[in-house]
Amino acid sequence: MPFDLDYSQLNLSSDPDKITPIEIKSVIDNPKYRFFWLDGYSLKDNYSIICGYSNKKRILLIASCILDNKCVILQVNVADDEQIEMYYCKS
């Protein structure tokens, strides 16, 4: 069952990288994304990082949690070289 995406925790209007909900969804819809549970949180808390290519040909890091059958997007940014190596290349 796919989750509805909830962007209510984001303020994309002030994002210097101009990331959009459509770009975020393109990463989540891409079957080649990488998925990690965040260290320090139990699985019941459902905090995760998704790392993958977007429709704008850049790699995004998306922090999210599952709440009330929704995937709540908490934070998103364009990955830098170190983050790409850590989250995308080594997995």
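Because only heavy atoms are used, hydrogens play no part in the values below, and waters and symmetry mates are left out as well, while side chains stay in.
Considering only residues two or more places apart in sequence or on other chains, Leu67 meets the side-chain contact (heavy atoms from CB on, under 4.5 Å) condition with Val72. Residues meeting the side-chain contact (heavy atoms from CB on, under 4.5 Å) test with Tyr7, sequence neighbours left out: Leu5, Leu10, Pro21, Ile24, Lys25, Ile73.
Note that OG of Ser64 is 4.5 Å distant from CD1 of Ile50, once rounded to the nearest 0.5 Å. The line from CD1 of Ile22 to CG of Asn55 is 7.5 Å long, rounded to the nearest 0.5 Å. Atom CZ of Arg34 is separated from atom SG of Cys89 by 8.5 Å, given to the nearest 0.5 angstrom. Note: Ile66 CD1 to Ser48 OG = 6.5 Å, rounded to the nearest 0.5 Å. Of the inter-residue distances, the one linking Leu60 atom CG with Cys51 atom SG reads 8.5 Å to the nearest 0.5 angstrom. A distance of 12.0 Å separates CG of Asp6 from CG of Asn69, quoted to the nearest 0.5 Å.
Residue pairs meeting the salt bridge (Lys or Arg N to Asp or Glu O under 4.0 Å) criterion with at least one member in residues 58-79, sequence neighbours excluded, are Glu23-Arg58. Among pairs with a residue in residues 9-19, none fulfils salt bridge (Lys or Arg N to Asp or Glu O under 4.0 Å), at least two apart in sequence or across chains. Sorted by first and then second residue, the ring pair (Phe, Tyr, Trp, His ring centres under 6.0 Å) pairs involving residues 50-80 (not counting sequence neighbours) are Tyr53-Tyr88.
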How far apart are the C-alpha atoms of Thr20 and Leu12, what are their side-chain angles, what is the distance that settles it, and do they pass the side-chain contact (heavy atoms from CB on, under 4.5 Å) test?
CA-CA 7 Å; Thr20 65; Leu12 295 174; 5.6 Å; no
From CA spacing to verdict: side chain to side chain donor-acceptor pair (under 3.5 Å), Ser26, Ser54
CA-CA 5 Å; Ser26 75; Ser54 74; 4.7 Å; no
Taking distance alone, no hydrogens or angles, what donor-acceptor pairs closer than 3.5 Å link side-chain atoms of residues 75-84 to residues at least two apart or in another chain?
from: Asp80; atom 1: OD1; to: Glu82; atom 2: N; distance (Å): 3.2
from: Asp80; atom 1: OD1; to: Gln83; atom 2: N; distance (Å): 2.8
from: Gln83; atom 1: OE1; to: Asp80; atom 2: N; distance (Å): 2.9

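Contact detail for Val27 and Gly52: the closest heavy-atom pair is CG2-O, 3.6 Å.
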